[in-house]
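Since the structure is predicted, the reported quantities are computational estimates derived from the model, not experimental observations.
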Amino acid sequence: MQLDLKFVRTQFPAFSSPVLSSHAFFENAGGSYPCIQVVDRLTRFYRDRKVQPYGPYPGAQAGGAEMDEARDRLSAMMGVVPDEVSFGPSTSANTYVLAQAVRKWLAGSGGAVVVTDQDHEANSGVWRRLAEEGIEVREWQVDRETGALELSSLAALLADGRVKLICFPHCSNVIAEINDVAAICAMAKDAGARTVVDGVSYAPHGFPDIPALGCDVYLFSAYKTYGPHQGIMVIREAFGFDLPGQGHFFNHGTLYKRHTPAGPDHAQIAACAGMADYIDALAAHHGIAGDPAARNRGVHDLMRAQEVAVIQPLLDYLSARNDLRLLGPREAERRAPTVAVELDRAAEPVSEDLGRNGIACWAGDFYAVRPLTALGIDLEKGVLRMSAVHYTSADEVAQLIEALDRVL
C-alpha cells in the first residue's frame, strides 16, 4: 500500500495558501504545516470555548472535554495511559522542568548522568548543568567522521553501574541517523538506568510506540507534528512518581500535572486532538483498522515508506557531489528525511539564493552546536538544511535538486 499523497495534501491548508504555496517547503524540521483538523479545532476553541475549562456551564465543559480528548487519544495511539501525557509550552521548557526534578532526585546519590554530543541543545545543556550539584555527567560521543552513536561506547560508560539516567535523541536534527532506541533503552534497563529520549526530530515521521521503545520519557513538539505550538512529554508512571513534583504541591497526585509548573495553554492542548483526527483520517482512507495504537503504527509505516522513496534521490544527488559534505547516512532507510550539508562557504546566503529559486529552507547551526562542533564544522559557516516529511512530493524534491544545481 502506498500513501495517497493527493489526499494527504488536501488535509493541509498551506498547500492552497497564496503565500505558502509559492515555494516548495523544505523547512519542516523547523516546524511543519498544521493539518486542517488542528486549525479547525483551534479556531473553534477560541470562538466557542475560550473560558476557564471544566466549569459548570456549557462552554467550560466543552473546552475541558476537548482537552481531555487530546490526552486520551494521543496516549492511546502511543500505547500509554492518559495520565502519562503532559503538555507544556515547548520541548525545551518541558526538558528544563524535568531536569530540575532530576537535580533533586540525584543530588547526593553518587549517581551519574549520560548525555550525548549528538543532541539539540535542549536535551544537552540542562543535563550538563547538573554537574553544578556535584552530579557526574558523562558524554557519549559521536564518531567524528560519521556522527553516529556507537552502542559499544555506551556500554563502556555504563560499566561501573553508577549511571542512573541516559539522555539521547531518537535522531539528531542535523545528522538524522535513526538511533536504535529500543536497544539503548534495554541496555539502560540492564544497567539500572532510566532513559530520556528527545523525539522532536523523529516524531514528525510517525508518532512513537512507547512500549516498543521501552523509554521512561519521550519528548516531542506538536508544532512539528502537524499541530499547534506545544511540547508533549510522555513520562511513564513509575519514573514520574519517583521524581520530585515540579507543579503545585496539591497537584502532585496527578501525573500529568505533577511536572507542569505553569498553567497550560488550554486552546492548544484541545487543538492537539486534531493531530489524532488526522492520523485517524489517514488510517480510514488507507483501510488501516484496529485499535488506536495499531492505526498509529500503520500510518507511521505509510509515512516512512513515502519519505524514504522521496528523499533517496536527494541523498544520491548530494552524495555524488564533491563540493559539499552530506551529514549522516546516505541511505534513506537509516535516517529521517532531514538533510544537512556542509558547504565550502557560508550556508545562509545559499539558503537565501534557494529562496529566490522557489525553495523554502534555511541554514545555520539549528541549536545543534555540539554535534556540528564534534564533526569539525565551522559554526560561522553553518550548514544548509533541507527537511521533508510525508507530504513532500517527488516533484518538489526534483525542484529542489534543480535549484541546488543553479545556486551551488
Side-chain angles (χ1 to χ4, degrees), residues 3-4 7-14 28 31-46 48-49 53 61-88 91 94 170 199-200 202-213 218-235 255-256 264-304 306 389-391:
L3 187 73
D4 183 346
F7 173 79
V8 164
R9 289 166 75 99
T10 65
Q11 306 300 297
F12 291 88
N28 290 282
S32 64
Y33 289 150
C35 58
I36 186 62
Q37 295 88 345
V38 165
V39 174
D40 286 348
R41 282 182 177 267
L42 189 62
T43 302
R44 181 175 66 191
F45 197 97
Y46 274 105
D48 297 329
R49 318 274 196 255
Q61 291 289 303
E66 290 179 4
M67 292 170 65
D68 292 344
E69 180 188 358
R71 182 173 287 104
D72 290 346
R73 292 178 65 197
L74 290 174
S75 64
M77 286 182 169
M78 294 186 287
V80 299
V81 300
D83 275 13
E84 292 178 321
V85 177
S86 301
F87 294 91
T91 293
N94 287 346
H170 200 152
V200 170
Y202 185 84
H205 315 294
F207 289 122
D209 178 343
I210 300 296
L213 296 177
Y218 193 97
L219 301 128
F220 65 98
S221 299
Y223 72 96
K224 297 184 181 183
T225 55
Y226 321 109
H229 199 107
Q230 281 286 279
I232 298 177
M233 177 172 69
V234 178
I235 182 166
L255 183 55
Y256 73 84
D265 189 315
H266 304 143
Q268 293 197 58
I269 291 174
C272 283
M275 300 189 300
D277 290 337
Y278 175 58
I279 299 300
D280 278 342
L282 289 184
H285 183 78
H286 293 89
I288 299 170
D291 63 17
R295 297 196 300 273
N296 180 52
R297 289 192 296 269
V299 170
H300 168 280
D301 293 348
L302 274 179
M303 288 179 169
R304 283 293 296 146
Q306 166 71 12
V389 290
H390 67 286
Y391 55 56

Minimal non-hydrogen separation, [X] against [Y], with atom names:
X      : Y      : value
Gln37  : Ala281 : NE2-CB, 4.0 Å
Pro13  : Val39  : CG-CG2, 4.5 Å
Ala271 : Val38  : O-CG2, 3.5 Å
Phe45  : Ala270 : CD1-CB, 3.5 Å
Phe220 : Thr91  : O-OG1, 2.9 Å
Met77  : Asn296 : O-ND2, 3.2 Å

Check: [Y] and [X] side chains under 4.5 Å, non-hydrogen atoms:
X      : Y      : result
Tyr226 : Val389 : yes
Cys272 : Leu74  : yes
Ile210 : Glu84  : no
Asn28  : His205 : no

Glu69, Gln268, Glu66 screened by side chain to side chain donor-acceptor pair (under 3.5 Å) with Arg41, the one that passes: Glu69
List the steps and the verdict of side-chain contact (heavy atoms from CB on, under 4.5 Å) for Leu302 and Leu282. CA-CA 9 Å; Leu302 274 179; Leu282 289 184; 5.8 Å; no
Is the side chain of [X] donor-acceptor paired with the backbone N or O of [Y] at a distance under 3.5 Å, no angle test?
X      : Y      : value
Arg295 : Ile288 : no
Arg71  : Val85  : yes
Ser221 : Val200 : no
His286 : Asp4   : yes
Tyr33  : Tyr391 : no

Distance in Å, Ser86 OG paired with Leu255 CG, rounded so as to fall on 0.5 Å steps: 5.5 Å
To the closest 0.5 Å, what do you measure between CD1 (Ile269) and CD1 (Ile232)? 9.0 Å
For the residue pair Tyr278 and Phe12, is the inter-centroid distance of their aromatic rings smaller than 6.0 Å? yes
Could you go through the side-chain contact (heavy atoms from CB on, under 4.5 Å) check for Ile279 and Met303 one step at a time? CA-CA 10 Å; Ile279 299 300; Met303 288 179 169; 4.0 Å; yes
After noting the C-alpha distance and the side-chain angles of Met78 and Tyr218, does the key distance pass the side-chain contact (heavy atoms from CB on, under 4.5 Å) rule? CA-CA 10 Å; Met78 294 186 287; Tyr218 193 97; 5.8 Å; no
For Tyr202 and His170, take the angle between the two ring planes, folded into 0 to 90°, and tell me which bin it lands in: parallel under 30, tilted 30 to 60, perpendicular over 60. parallel
